[in-house]
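For this chain, numbers begin at 1 and follow the sequence in order.
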Amino acid sequence: RQALEEMRALYERNQADVSEAKAGRADLIFLIRFRHCCLLRNQRCVLAYLYDRLLRIRALRWEYGSVLPNTIQFHMSAEEVEWFNRYKKSLATYMRSVGGEEGLDLTQDVKPPKSLYIEVRCLRDYGEFEIDDGTTVLLKKNSQHFLPRWKCEQLIRQGVLEHIMS
C-alpha cells in the first residue's frame, strides 16, 4: 500500500511538471525522467511481491488441500481467495482428466510412502471417517488408529491427525 501511495504521489507530481515542461520549462525534464524511473522500479517491486504471494497461495493448495484453515484465509484478500478457488477448480479438473475413470489425485503421497498403513493419533474431535472398504472409524481426540496412509495425509496436513513414529 505504501508503494502504491508513493507511486500515486510521483505520478501526480510528474503530471504537474509535464504541463509546466510543455509550457517551456525544459529544466524539469530530467526530474520527470527520474520520477518515471522510480515509478517503473516501484511497479516491478509490487509485481514481484504479488507474484510471490501467488506462489505461496498455490503452495497452500498442495499443503492444506482444497479447504484452507480460517487462520490462513483471514490473512488473504478477497482477490487472493478468489484466485485460490480458481486454481483449486483448475487443478481438480486436470486431476479428473488424467488417471482413468476416477482421476488421479496428485496431492496424495507428496513424498513416496515407506508403508501403505500408518499409525495416527487424533489431535481433535473430527467425527466419522470412512475408509474405501466401507469401514467407518470414529476420530476422537487422543484416539489412535492404524489407517491407510493415502487416506490420512490430507487430515495430517490439516492438523486433525498426527503420524505416530514408532
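Each of Arg58, Arg56, Arg53 was compared with Glu80 under the salt bridge (charged side-chain N to carboxylate O under 4.0 Å, His left out) criterion, and only Arg53 meets it.
Here Cys45 contributes atom SG and Leu40 contributes atom CG; the two are 11.0 Å apart, rounded to the nearest 0.5 Å. If you take NZ on Lys151 and CG on Asp133, they are separated by 9.5 Å, rounding to the nearest 0.5 Å. Gln158 contributes atom CD, which lies 7.0 Å from atom CZ of Arg124 (distance to the nearest 0.5 angstrom). Interatomic distance, CG of Leu155 versus CZ of Phe129, reported as 5.0 Å (0.5 Å rounding). With values rounded to the nearest 0.5 angstrom, Leu39 atom CG is found 11.5 Å from Ile32 atom CD1. Here the CG-CG distance, from Leu55 to Leu50, works out to 11.0 Å after rounding to the nearest 0.5 Å.
Ion pair Glu82/Arg86 flagged as a salt bridge, since at least one NZ, NE, NH1 or NH2 atom sits closer than 4.0 Å to an Asp/Glu carboxylate oxygen.
Of all heavy-atom pairs between Glu119 and Gln144, the closest is OE2-OE1, 3.3 Å. When all heavy atoms of Leu28 and Ala21 are compared, the pair lying nearest together is CD1-N, 4.4 Å. For Arg61 against Ser66, the heavy-atom pair with the smallest separation is NH1-N, 3.7 Å. Scanning all heavy atoms of the two residues, the minimum distance from Asn42 to Ala3 falls at ND2-O, 4.2 Å. Across Phe84 and Gly65, no two heavy atoms sit closer than the pair CZ-O, 3.7 Å. Between Asn14 and His36, the shortest heavy-atom contact is ND2-N, 3.6 Å.
Every residue two or more places apart in sequence or in another chain that forms a salt bridge (charged side-chain N to carboxylate O under 4.0 Å, His left out) with Glu20 is listed here: Arg25.
Enclosure of atom NE2 in His163 by more than 12 non-hydrogen atoms of other residues, nucleotides or ligands within 6.0 angstrom is indicated. At most 12 non-hydrogen atoms from other residues, nucleotides or ligands lie less than 6.0 angstrom from OH of Tyr126. Residue Gln2 qualifies as open at atom CD: its count of foreign heavy atoms under 6.0 Å is 12 or below. Within 6.0 Å of CG in Asp27 there are more than 12 heavy atoms belonging to other residues, nucleotides or ligands.
Put simply, the side chain of Ser97 gets close to the backbone of Tyr94: a donor and an acceptor are under 3.5 Å apart. A donor-acceptor pair is defined here as one N or O able to donate and one able to accept, closer than 3.5 Å; such a pair exists between the side chain of Asn85 and the backbone of Val81.
Hydrophobic clustering, with ILVMFWY side chains joined whenever heavy atoms are under 4.5 angstrom apart, groups Ile131 together with Val120. Cluster membership for Tyr49 and Met76, using ILVMFWY side-chain heavy atoms within less than 4.5 angstrom, is not shared. Hydrophobic clustering, with ILVMFWY side chains joined whenever heavy atoms are under 4.5 angstrom apart, groups Ile156 together with Leu147. One hydrophobic cluster, built from ILVMFWY side chains closer than 4.5 Å, cannot hold both Tyr64 and Leu123; they sit in different ones. A single hydrophobic cluster is not seen to contain both Phe34 and Met7; linkage of ILVMFWY side chains at heavy-atom distances under 4.5 Å, directly or through other members, places them apart.
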Intermediate values then yes/no, side chain to side chain contact (heavy atoms under 4.5 Å, CB included), Ile57 and Tyr87
CA-CA 9 Å; Ile57 293 169; Tyr87 178 73; over 6 Å; no
Please lay out, stage by stage, how Arg157 and Glu63 fare under the test salt bridge (Lys or Arg N to Asp or Glu O under 4.0 Å).
CA-CA 6 Å; Arg157 282 190 229 128; Glu63 184 177 343; over 6 Å; no
Step by step, work out the side chain to side chain contact (heavy atoms under 4.5 Å, CB included) result for Arg149 and Leu116.
CA-CA 6 Å; Arg149 172 184 290 275; Leu116 297 178; 6.0 Å; no
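Between Pro148 and Asp132, every side-chain heavy-atom pair lies at or beyond the 4.5 Å cut-off.
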